[in-house]
Amino acid sequence: MSDDASSTPAPRVRIAPSPTGFFHVGGARTALYNWAIAKQQGGRFVLRIEDTDLERNQDEATQGIIDALAWLGIHHEDPVFEGPYFQSQYAEAHVAAAQRLYEEGKAYYCDLTGEQIQERAKANGKPGYDGYSRDRGLEPGPGRVLRFRVPDGGPTVVRDVIRGDVTFEHDAIEDFVLLRGNGAPMFLLANVVDDVEMRISHVIRGDEHLTNAAKQQLLWDALGHTPPVWAHVPVLVNEQRKKLSKRRDKVALEQYRDEGYLADAMVNYLMTLGWAPRQAGHDGNDEHATEIVPWAEMQAAFRLEDVTHSPAFFDLKKLAAFNGDYIRMLSVDDFVAACEPWIPDSFDRERFVAMAPHIQTRVVTLAEAPGMVDFLMTDHVAYDEASWQKAMHQPWSRGVLAETAAAYSTAEWDADTLKGALEHVATAHELKLGKAQAPIRVAVTGRSVGPPLFESLEVLGRDETIRRLDLAIAHIVQQDH
RNA sequence: GCCCCCAUCGUCUAGUGGCCUAGGACACCACCCUUUCAAGGUGGCGGCACGGGUUCGAAUCCCGUUGGGGGUGCCA
C-alpha cells in the first residue's frame, strides 16, 4: 500500500443516506458499487448519515442502515469502512463555509418570500429565482436566505465517469439557497462541505443527482477545492418506467430480507442491474458468466466505466430466479440454517431436516419453506377444496385409498417400498402412478401439490399416514350420503 | 415550459466499424425426465425506435426526429 507519486491515490467514496427508517434498494446498489470500488482499490468507504431533519428515532434508524449494509456484506468492522458520521454534527462547518462565501462576495442575502419569487417569475415569464437580490447588498437577518451567486456566463462541465462530459450553462442555473431563513444549511451546501471535509475523491450516486452535480461543482470551486470524480448511476425504475418510489413500489431492502431473499442473491442481482462483467470471449457461450457471479469476482471486475447509461427495471421475477439459484447452490445444512428464522417453534426439527433437500428445489424464498411441509407438523389436515374435489371424486378414489391403507399397514416403512406398494395398487386399477398418488397425497397433505409423496410418508410414519387415509375414506363415505 | 440524461429481444444485458446469420440470462411456449409440483435437460418465440449522413463496410461514429426518464424547493 505504498502511495508513491506514480500510483493514483486510494479512493475515498461515500454513501449519504438519510435516516428514513428503511434502506432503499437503489441505495443498496449504489452502496455496493461504492463498496466494490473502495475494496478493489484499497480505498475507504465512508458512511455519512444525512440527518439534517433531526428525526427522533435517529439511533434506531442509523442502526437499521448499518444492519442493512452488513446484510449486504458491507461490514462496519471492515477496515475499509469508515463512520458513521452524522451531518448534523457538522452544522457549524456548513455555516462557516457559507459565511466565507458571503464575505468573499460569492453569496448574497435575499429577503424575498416564496410567493414573491413566484410572482416575479410569472411576470418575467421565466420560472425560478431571477437573482433579484444579487446587488442589493442585503445584510444577514431573520428570514433572509443566503443564495449562491452563480458565476456569470460560461458553462460548468461535469466530468462524469459514466456519462462523459455533461455541460450546464450558468444561465440555466439559478442562484440556489445555501442557508435557510432560519440560518440552517441546505443539502447542497452541507453535502459539499462534508465531502470536502472528509476528502471524498469519488462521488458515486444516483442519476437524480446529476443536476445537483453542476451546482455542487460550482461550490467545490468556490470553496477552493478540486471537485471529486463524479459517477452518476442510472436510476432503478418500476414496470411503469418511473423511478422506484416508496409509495408505490417495494423498495425496502429489509422487506426482501424478511421475505427470505438471500443476501448473496440480492447483491448479485443488484450488482448486475446496470452493469455486467466485461465479456472475456466473443462467442458468448459462457453462460452465466455475466449473470450469476460470486461477489469476489464482481468486486474485482467492477468498473464504473462499464455501468450502463439507461434506467433499469427492478424485476422481481428475475430477482426471484436469482434467489432460487442461490438457494439451490446452498448445501443442505446451510439451507436449513438459512431457513431457521422462518421455522416455527412448533415444528419438529428432525422432520424439517429430513425434508429439506426436497424443499430446497421447490422454493423461491426462504419464507416459503415451512409452508411446504407444515402437514408433517400437525395432526390436523386442512383439505384444499379444489384438490379434494379433483382427487376424491374419481370412481377409483376410494378403492385406491383403502387398498393402499391395507398395504401400508404391513409394508416396510421406507419411501421405495411405499412407492412400490402404491404402484401395485395402481396397476390393479389400470392407473398410472401419477393418477393413483393424487388421492393419497390429498388425504395426507390436504393439497394436490407438494414435496415428493413417499418421502413425506416415510417421515410422517405409519400410524399417522394410515389414520389420515382412513379419515379420508370416512369423509368420502360421508359425502356419498 | 426550461435544463439534463437515455434508447439492442417483453425485461436485464453482451456488443466499442468488419468476428453479427446480433450472443446470454429472466419470463413465456414445447418436448424430455418424472410420484404431484419443482429442479434439471433440449429446443422454440422474440430485438439493434425512426430518418438522414460518414465509411469499401455500421447495433457500433455524426446530425435530426420520435419516444422514455431525471431535475427544475427556504427536501435530501
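Reminder, nothing fancy here: chain letters follow the sequence lines and each chain counts from 1.
Put simply, the side chain of Y33(A) reaches to within 4.5 Å of the side chain of M271(A), judged on heavy atoms. Taking the side chain as every heavy atom from C-beta outward, I359(A) and F352(A) approach each other to under 4.5 Å.
Counting to the nearest Å, the P atom of A25(B) and the CD1 atom of I292(A) are 11 Å from each other. One interatomic measurement links the two molecules: OH of Y90(A) to P of A76(B), which rounds to 18 Å at whole-angstrom precision. Protein atom CG of L244(A) is 13 Å distant from nucleotide atom C1' of G69(B), rounded to whole Å. The CE atom of M298(A) sits 15 Å away from the C1' atom of U13(B) (whole-angstrom rounding). W230(A) places its CH2 atom 18 Å from the P atom of C4(B), with the value rounded to the nearest Å. With rounding to whole Å, E174(A) atom CD is found 15 Å from G71(B) atom P. With rounding to whole Å, F148(A) atom CZ is found 16 Å from C74(B) atom P. In this structure, CH2 of W275(A) is placed 18 Å from P of A25(B), rounded to the nearest angstrom.
Atom C1' of C19(B) sits at a distance of 25 Å from the matching atom of C12(B), rounded to the whole Å. Comparing G43(B) with A25(B), their P atoms are spaced 10 Å from each other, to the whole Å. Separating the C1' atom of C6(B) from that of A30(B) is a span of 37 Å, rounded to the nearest Å. Between the P atoms of U55(B) and G67(B), the separation comes to 31 Å (whole Å). Using P as the reference atom, A49(B) and G44(B) are 25 Å apart when rounded to the nearest Å. Rounded to whole Å, the C1' atom of G1(B) lies 37 Å from the corresponding atom of A58(B). Rounded to the nearest Å, the gap between the C1' atom of U60(B) and that of G47(B) is 15 Å.
The partner of G1(B) is U72(B), judged by Watson-Crick or G-U wobble contacts that both fall below 3.5 Å. Checking G18(B) for Watson-Crick or G-U wobble geometry (two distances, each under 3.5 Å) identifies C56(B) as its partner. Using the Watson-Crick or G-U wobble rule with both distances under 3.5 Å, U42(B) pairs with A30(B). With a 3.5 Å ceiling on both atom-pair distances, the Watson-Crick or G-U wobble partner of A25(B) is U11(B).
The nearest heavy atom of RNA chain B to F313(A) and to H309(A) marks one nucleotide each, and the one closer to the 5' end goes with H309(A). Comparing F314(A) and E208(A) along RNA chain B, the residue whose closest nucleotide (by nearest heavy atom) sits nearer the 5' end is F314(A).
Among the atoms of the strands shown, base atoms are found under 4.0 Å from some heavy atom of H209(A). Contact annotation for K242(A): backbone-only contact, meaning every heavy-atom pair under 4.0 Å involves sugar-phosphate atoms and none involves a base. Contact annotation for A312(A): backbone-only contact, meaning every heavy-atom pair under 4.0 Å involves sugar-phosphate atoms and none involves a base. Looking at heavy-atom distances under 4.0 Å, G206(A) makes no contact with the nucleic acid at all. Here R147(A) lies in heavy-atom contact (under 4.0 Å) with sugar-phosphate atoms only. Heavy atoms of T445(A) sit nowhere under 4.0 angstrom from any nucleic acid atom. Here V145(A) lies in heavy-atom contact (under 4.0 Å) with a base. Residue contacts shown for F176(A) are absent, as no nucleic acid heavy atom lies under 4.0 Å away. Across all strands shown, L270(A) has no heavy atoms under 4.0 Å from either base or sugar-phosphate atoms. Contact annotation for N212(A): base contact, defined as any heavy-atom pair under 4.0 Å involving a base atom.
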- Task: Before giving the answer on salt bridge (Lys or Arg N to Asp or Glu O under 4.0 Å), spell out for E174(A) and K126(A) the whole-Å C-alpha distance, their side-chain angles and the decisive distance to 0.1 Å.
- Result: CA-CA 11 Å; E174(A) 67 174 41; K126(A) 269 191 189 168; over 6 Å; no
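An OP1 or OP2 oxygen of G40(B) is reached within less than 4.0 angstrom by a side-chain nitrogen or oxygen of R328(A). Put simply, K243(A) has a side-chain N or O that comes within less than 4.0 Å of OP1 or OP2 on G71(B). Neither OP1 nor OP2 of C5(B) sits under 4.0 Å from any side-chain N or O of T211(A). Here R163(A) does not reach the OP1 or OP2 of G70(B): none of its side-chain N or O atoms lies under 4.0 Å away. Applying the 4.0 Å criterion to OP1 and OP2 of C75(B), one finds that R180(A) has a side-chain N or O inside that range.
Of the possible polar contacts, one joining the R362(A) side chain to the H358(A) backbone as a donor-acceptor pair under 3.5 Å is found. When atom types are taken as modelled, the side chain of E368(A) and the backbone of V363(A) share no donor-acceptor pair closer than 3.5 angstrom.
Closest non-hydrogen pair, F335(A) versus A356(A), comes out as CE2-O, 3.6 Å.
Applying the salt bridge (charged side-chain N to carboxylate O under 4.0 Å, His left out) rule to pairs touching residues 429-455 of chain A yields D374(A)-R447(A), sequence neighbours excluded.
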Restricting both atoms to N or O, compile the protein contacts to nucleotides 58-61 of chain B shorter than 3.5 Å, with distance only.
none

Under 3.5 Å, N/O pairs linking protein and nucleotides 33-36 of chain B:
unit_1, atom_1, unit_2, atom_2, d
U35(B), OP1, K419(A), NZ, 2.9
U35(B), O2', Q437(A), OE1, 3.3
U35(B), O2, L453(A), N, 3.2
U35(B), O4, E455(A), OE1, 3.0
U35(B), O4, E455(A), OE2, 3.1
U36(B), O4', Q437(A), NE2, 3.0
U36(B), O2', S448(A), O, 3.0
U36(B), N1, R441(A), NH2, 3.2
U36(B), O2, G450(A), N, 2.8
U36(B), O2, G450(A), O, 3.1
U36(B), N3, R441(A), NH2, 3.1
U36(B), N3, G450(A), O, 2.4
U36(B), O4, R362(A), NH1, 3.3
U36(B), O4, G450(A), O, 3.4
U36(B), O4, P452(A), N, 3.0

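With hydrogens and angles left out, the side chain of K318(A) and the base of A27(B) share no donor-acceptor pair within 3.5 Å. Evaluation of atom-type donor-acceptor distances gives no pair under 3.5 Å for the side chain of K317(A) against the base of C26(B).
A centroid separation of less than 6.0 Å is found between the aromatic rings of Y269(A) and F314(A).
D175(A) pairs with exactly one of R147(A), R149(A), K215(A), R134(A) by the salt bridge (Lys or Arg N to Asp or Glu O under 4.0 Å) rule, that one being R134(A).
Ionic pairing of D194(A) and R14(A) is not present here: no N-O contact between side-chain nitrogen and carboxylate oxygen is shorter than 4.0 angstrom. Ion pairing between a basic and an acidic side chain is recognised when a charged N comes within 4.0 Å of a carboxylate O; E259(A) and K250(A) show such pairing. Using a 4.0 Å cut-off between a side-chain N of Lys or Arg and a carboxylate O of Asp or Glu, K242(A) and D249(A) do not qualify as a salt bridge.
The CG atom of L179(A) lies 10.5 Å from the NE2 atom of H94(A); values are rounded to the nearest 0.5 Å.
Nearest nucleotide to the L210(A) side chain, out of A76(B), C4(B), U8(B): C4(B).
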